[in-house]
2 protein chains.
Amino acid sequence: MAESKSGDEPEPEAELEAELEAETGGDVQAGAESAEGAGRDPEAVSRFVEHFAAQLVEAGMPRMPARVFAALLASDTGALTSAELGEQLQISPAAVSGAVRYLAQVHLVSREREPGSRRERYRVHSDQWYEALTNREAIMKRWEDALREGVASLGADSPAGRRLSETLAFFEFVEVEVEAMMARWRIHRDQLFGAD
Amino acid sequence: MAESKSGDEPEPEAELEAELEAETGGDVQAGAESAEGAGRDPEAVSRFVEHFAAQLVEAGMPRMPARVFAALLASDTGALTSAELGEQLQISPAAVSGAVRYLAQVHLVSREREPGSRRERYRVHSDQWYEALTNREAIMKRWEDALREGVASLGADSPAGRRLSETLAFFEFVEVEVEAMMARWRIHRDQLFGAD
DNA sequence: CCTTAACTTCACAAATTTCTGAAGTAAGCG
DNA sequence: CGCTTACTTCAGAAATTTGTGAAGTTAAGG
């Protein structure tokens, strides 16, 4: 976003109009400096963000989406703007844009537009996080399709066909089970944290 | 994780000493129903292998391991040698080696040495397939560690800390549930297929 | 309207990953 | 014993992925 042009650097951010984390109930106690980053030890935040992101990367998530997601998780409001993300993570607006596109696609973040502003906020809901994990179901569905096809073309009575059948049965089983598990989780969560 | 049912499968590969190095000729092509699938349509097998592998790749598995794994799944014996894999997939021994190393590391295949031969067979057990999926637990454990650290350094009473806590609780919950689910699966499987 | 802020898309440079041929190692077999 | 087979490791070429600057698009605000 920096024009890398003339010397004047006073980002309009200094103004920070009616920004306010009027998000949740307004009584954000951390209340210190700018929008999000500094009631807390920014270094501690960064350490967590990079560490957790590294784990996600290792599990297969691309680097930028992982860092953006971790930053959102670690934010107090659970929602940050593109500019805030870019600053905290030291990445270009283009990188933020790409990362957010990825995360939205896998349902890990949702986009909100603040009315009366051009800003968009990218939000992580705990629920989405869980759902997204669950949404590996979509992937499994395709695995199942491929397996069914394999059983059909290799013959259900051949040894290979039987192996594929069993694998297929496993996925079908898991699919049902996971759904039940998520239902139990919601109950469990409410017991732990109260209906949120 | 109780299992070790043992007594898995009788080794169906008795003789099978036929080598068939169709490699050296220019005639590496269909018709290669050598050691493994005499009687099956090699084209149908290949179609399944490539299709299923593509799904795995899309889910994040590297290409060669995915293809090798799919080929093993689709084999009648559930075990193939390096040469057989190389021929069917048209890849170099080095590629087979790398793929197998990867698969063994994530516990998707095991290596067996045929006594009295230098050959090694790479085998897929249905059980391993399930276990491997389950073994994402190892990954989750590390996520949990990172989250605990985050809760500690951001403060369990901050909004961000609470979000991380909830996520952590979710993973801990899932971990327990998955184990129970796998136990149920084994029972279910035995009902479907009979204790194998 | 015209300006400007916020985000997106595009093209390309850089880093990383993937797969191969070739050389290396180990073990059965003549 | 030493030849041969079966697999592994290594170095590097090729392909793919990643992140950036810059131009493009949309919409608020004067």
Side-chain angles (χ1 to χ4, degrees), chain A residues 1-6 8-19 35 53-54 56-58 60-68 79-105 109-123, chain B residues 16-21 23-24 28 35 53-54 56-58 60-68 79-87 89-105 109-123:
Chain A
M1 69 164 153
E3 305 294 73
S4 70
K5 229 12 182 126
S6 52
D8 84 319
E9 251 295 346
E11 286 295 339
E13 307 288 22
E15 214 61 46
L16 268 190
E17 350 210 42
E19 194 70 35
L56 295 176
V57 167
E58 215 169 312
M61 187 184 292
R63 189 181 323 272
M64 284 292 144
R67 297 180 69 210
V68 165
L80 297 173
T81 65
S82 175
E84 288 164 347
L85 286 166
E87 188 190 353
Q88 185 184 338
L89 302 175
Q90 289 294 302
I91 57 179
S92 70
V96 174
S97 178
V100 166
R101 174 155 26 118
Y102 175 96
L103 291 169
Q105 203 156 16
V109 309
S110 59
R111 318 158 89 107
E112 306 178 350
R113 208 171 231 117
E114 287 183 74
S117 163
R118 277 131 300 187
R119 278 200 208 149
E120 213 162 11
R121 323 200 90 183
Y122 307 121
R123 171 173 302 276
Chain B
L16 277 187
E17 281 293 288
E19 296 272 327
L20 303 199
E21 301 276 282
E23 185 77 87
T24 42
V28 275
L56 295 176
V57 167
E58 215 169 311
M61 188 184 291
R63 190 180 320 274
M64 282 294 146
R67 296 180 70 208
V68 167
L80 299 172
T81 65
S82 176
E84 289 164 345
L85 286 166
E87 189 192 352
L89 301 175
Q90 288 294 300
I91 56 179
S92 70
V96 175
S97 178
V100 166
R101 173 155 26 120
Y102 175 95
L103 290 169
Q105 203 156 16
V109 310
S110 58
R111 319 158 88 106
E112 304 178 350
R113 205 168 234 118
E114 285 182 78
S117 162
R118 279 129 297 182
R119 272 197 218 157
E120 215 161 12
R121 322 203 91 188
Y122 307 121
R123 173 173 301 277

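To find a chain, count down the sequence lines: A is the first, B the second, and so on, and within it residues start at 1. Keep in mind that what you see is a predicted model, and the values were worked out from it rather than measured.
Residue A/Ser92 places its side chain closer to D/dT20 than to any other of D/dT20, C/dC29, D/dT9. Nearest to the side chain of A/Ile91, among C/dC19, C/dC7, D/dT20, sits D/dT20. Counting only heavy atoms from C-beta on, A/Arg101 has its side chain closest to C/dT9 among C/dT9, D/dT8, C/dT8. Counting only heavy atoms from C-beta on, A/Ala94 has its side chain closest to C/dT9 among C/dT9, C/dT8, D/dT18.
Atom CG in B/Leu85 sits about 13 Å away from atom C1' in D/dA6, given to the nearest Å. B/Glu114 has its CD atom 11 Å from the P atom of C/dC29, to the nearest Å. D/dC7 atom C1' lies 16 Å from atom CG of B/Leu80, rounded to whole Å. We find that CE of A/Met64 is positioned 14 Å from C1' of C/dA14, with the value rounded to whole Å. Straight-line distance from the CD atom of B/Gln90 to the C1' atom of C/dT20: 14 Å, rounded to whole Å. Here the P atom of nucleotide C/dT8 and the CD atom of A/Gln105 are 13 Å apart, to the nearest Å. For the pair A/Glu120 CD and D/dA27 P, the computed distance is 11 Å after rounding to whole Å. Remark: P of D/dA6 and CD of B/Glu112 are 17 Å apart, rounded to the nearest angstrom.
Within the structure, every side-chain polar atom (N or O) of B/Arg111 is placed at least 4.0 Å from both OP1 and OP2 of D/dC7. For A/Arg67 and D/dT18, the shortest distance from a side-chain N or O to OP1 or OP2 is not below 4.0 Å. Under 4.0 angstrom from either OP1 or OP2 of C/dA6 there lies at least one side-chain N or O belonging to A/Arg119.
A donor-acceptor contact shorter than 3.5 Å is absent between the side chain of B/Arg111 and the backbone of B/Ala104. Between the B/Arg123 side chain and the B/Glu112 main chain, no donor and acceptor come within less than 3.5 Å of each other.
Between A/Tyr122 and A/Arg63, the residue anchored closer to the 5' end of DNA chain C is A/Tyr122, taking for each the nucleotide with the nearest heavy atom.
Across all strands, A/Tyr102 comes closer than 4.0 Å to no nucleic acid atom at all (heavy-atom distances). Heavy atoms of B/Ser97 sit under 4.0 angstrom from at least one base atom. A/Arg113 comes within 4.0 angstrom of nothing in the nucleic acid, heavy atoms only.
You'll find the side chain of B/Val68 stays beyond 4.5 Å of the side chain of B/Tyr122, heavy atoms only. Between B/Arg121 and B/Glu84, the closest side-chain pair of non-hydrogen atoms falls below 4.5 Å. Considering only heavy atoms from C-beta on, B/Met61 comes within 4.5 Å of B/Tyr102 through its side chain.
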